[in-house]
Structures are given as structure tokens and as C-alpha cells.
Amino acid sequence: MWKWLHPYAKPENTYHLCGRLLPWFSILALGLLVVGTGWGLAFAPSDYQQGDSFRIIYIHVPAAIWSMGIYLSMAIAAFIGLVWQLKLSNMAALAMAPIGAVYTFVALVTGAVWGKPMWGTWWVWDARLTSELILLFLYLGVIALYHAFDDAKTAEKAAGILAIVGVVNLPIIHFSVEWWNTLHQGATITKFEKPSISGDMLWPLLIEILGFAFFFAALTMIRLRNEIVRKESHRPWVLALATSNYTTHKEG
């Protein structure tokens, strides 16, 4: 496995690999999101208690799940960058951070919209909501630290340490509804026993979760390619790529 991965520690190889994979991930993301959203919003049955208000679950739940998943991925990349001094890992962490921040923001906003008819208020200092808000601040802190220093290595080290330390917030988010008395409902699809949701509601939700994952992957590839070009702009292969693109554009 390591022999297979080793060539992609080279930014040039990763740049071209992302370019080859990006169309496939984009098509999968688009297809899954169209099917999941259409099925969930238009064809899934109404909830017997919440009526059609529950349909925001098809945006809120995938965004909330991947807000944590992206943070963990970012922290792993930052850890690899700190320990093994692999600059591509730091580029990947930086590429993921804004995407995770947007997912977290979407989870908070849709949660507030869902909470208004269910709880009678847009926001409460609930354990789940508060820890998710802290997650957004962690993302913003990582992004800020990456751009706070003129020296790239110092910025990467500071941002990486914050990303790794912030992982402690993830189990707090996940288990907050079990550890504390909270308004937020408990697990719906991640329970070991039968999920607390019928199959005709569950399947579009699972498709949406996959769609959000592929969408995140596609956006990360785009941002990573841009970051590689920015950081490696002095390399001959980047200069050759720029010249080739310029010639193609001029001829077109």
C-alpha cells in the first residue's frame, strides 16, 4: 500500500491524479445529490409528528455528519504534515478547512430553521448546538492561523496544532445528547439497533450523505490543485503547465 501511495507524495503526481479523478467524483456528487434531494423533498412521506418540516433532515444531517468527518480528515492531514513534514498534507488540510467551515455553517443554520417549529426558538445553548458552534470557530481559527504568519512553516505548525487539539470536540458533539440532558434528538441512523426512521425516509438520507461526501471530495480536489499550483509556482512543471494552458487558450 505504501509503495502505491509513495509516488503521490510528490505534488506534481497528486495534481494530475486529482485532475483525473475530479470529473468522476463531480458526476457522482451531482447524481447522488439530485436523486437524494429530489427523493427526500418530493417523494418521501411526511413525518407523523413533524409533517413536512422534517424534510430539512436531508440537508441538515449530511452537513452535520460531514462537518465532523471533514474536521477529522483535516486533523489527520495536519498531523501527518507535522510529524512527517509532508508539505502535501498541509496543503490538503488547508484545502479542506473552508469546505468544513461551510458544512458546519449549513448544519447550524438548517438546525436553527428546524428548531424553530420544533422547539419554538431559533437557538438554545444546547450541548449539541454549542459544541457544533465551537467546531465552526475551530475551523475559522485553523483558516486564520494558516494566513496569520508570513513564514509558511510557522503558519502550518500553528494551524496543525490547533486542528489536532480541536479533535477533542468531536466526541463531545457526537455523544452530547447522551452525556447531558439536551433538547436535541438522539441518534437516528447511527444506532446499532434498528434505525429510528422508516426505510422510505432513510434511503434518500443515505444517498444525500454519500452525495455530500463526494461533493466534499470534488471540492477538495479543486482546492488542492489550486494550492499545489500556488505553492509550486516556481517549479518547471507548473511553468510548463501554465505555458501549455496559455497556448491552448490563445489557439482557441
Side-chain angles (χ1 to χ4, degrees), residues 33 36-37 40-41 44-76 96-145 162-198 201-213 215-216:
L33 290 174
T37 303
L41 298 184
S46 299
D47 184 77
Y48 77 102
Q49 287 183 319
Q50 302 181 33
D52 286 327
S53 298
F54 97 98
R55 296 185 191 280
I56 203 167
I57 194 176
Y58 297 110
I59 305 298
H60 173 71
V61 170
I65 288 174
W66 289 115
S67 69
M68 295 184 287
I70 294 171
Y71 192 93
L72 181 60
S73 301
M74 180 186 70
I76 292 172
M96 295 178 200
I99 305 169
V102 172
Y103 272 42
T104 306
F105 180 76
V106 170
L108 288 167
V109 170
T110 53
V113 172
W114 195 4
K116 179 61 176 176
M118 296 301 104
W119 302 338
T121 181
W122 296 99
W123 180 268
V124 291
W125 291 103
D126 177 271
R128 171 67 63 81
L129 274 64
T130 303
S131 53
E132 185 76 8
L133 180 61
I134 291 172
L135 183 65
L136 177 60
F137 291 150
L138 286 168
Y139 273 121
L140 296 178
V142 169
I143 295 168
L145 284 174
L162 177 60
I164 294 167
V165 171
V167 170
V168 71
N169 189 47
L170 299 184
I172 295 175
I173 296 172
H174 182 72
F175 293 108
S176 57
V177 294
E178 300 176 15
W179 291 346
W180 295 286
N181 184 22
T182 171
L183 284 175
H184 199 285
Q185 70 184 58
T188 300
I189 63 173
T190 57
K191 298 191 303 184
F192 289 109
E193 64 269 18
K194 185 178 180 181
S196 303
I197 183 172
S198 66
M201 296 177 179
L202 176 62
W203 280 109
L205 180 57
L206 295 177
I207 292 171
E208 280 286 85
I209 292 170
L210 279 176
F212 270 66
F215 186 57
F216 153 65

State, to 0.1 Å, how close R55 and P45 come at their nearest heavy-atom pair, and which atoms those are. NH2-C, 3.9 Å
Closest non-hydrogen atom pair, M68 against H174: SD-N, 4.4 Å
Interatomic distance, L135 atom CG to I173 atom CD1 [nearest 0.5 angstrom]: 4.5 Å
How about V142 and L138: do any of their side-chain heavy atoms sit closer than 4.5 Å? no
For the residue pair S46 and D52, what are the closest heavy atoms and their distance? OG-OD1, 2.6 Å
Shortest non-hydrogen contact from I164 toward A75: CG1-O, 3.9 Å
Where the side chain of Y71 meets the backbone of A163, is there a donor-acceptor pair that is under 3.5 Å apart? yes
Between atom CD of E132 and atom CD1 of I172, what is the distance when rounded to the nearest 0.5 Å? 12.5 Å
Nearest-0.5 Å distance that lies between atom CZ in R128 and atom CG in L133: 14.0 Å
Could you check whether atom CZ of F216 has more than 12 heavy atoms from other residues, nucleotides or ligands sitting under 6.0 Å from it? yes
So I57 and W114, do their side chains get closer than 4.5 Å, heavy atoms only? yes
Taking I209's backbone N and O only, do any of them form a donor-acceptor pair with W66's side chain (distance below 3.5 Å, no angle check)? yes
Take E208 and I59, measure what side chain to side chain contact (heavy atoms under 4.5 Å, CB included) needs, and give me the verdict at the end. CA-CA 8 Å; E208 280 286 85; I59 305 298; 3.9 Å; yes
Between A63 and V106, what is the shortest heavy-atom contact and its length? CB-CG1, 3.9 Å
Rounded at 0.5 Å granularity, tell me how far CE in M96 sits from CG in L72. 10.0 Å
Look at the rings of Y103 and F212 and say which category their plane angle falls in: under 30° parallel, 30 to 60° tilted, over 60° perpendicular. perpendicular
For A64 and S67, which heavy atoms make the closest approach, and how far apart are they? O-OG, 2.6 Å
In Å and rounded to the nearest 0.5 Å, what is the OH to CG distance from Y139 to L162? 12.0 Å
Within-4.5 Å side-chain heavy-atom neighbours: I99 and F215: no
Could you check if a side-chain atom of I76 sits within less than 4.5 angstrom of a side-chain atom of V167, using non-hydrogen atoms only? no
Using 0.5 Å steps for rounding, measure from the OG1 atom of T110 to the CZ atom of F105. 10.0 Å
4.5 Å side-chain heavy-atom contact, H60 and F54: no
Are P204 and T37 side-chain neighbours, meaning at least one heavy-atom pair lies under 4.5 Å? no
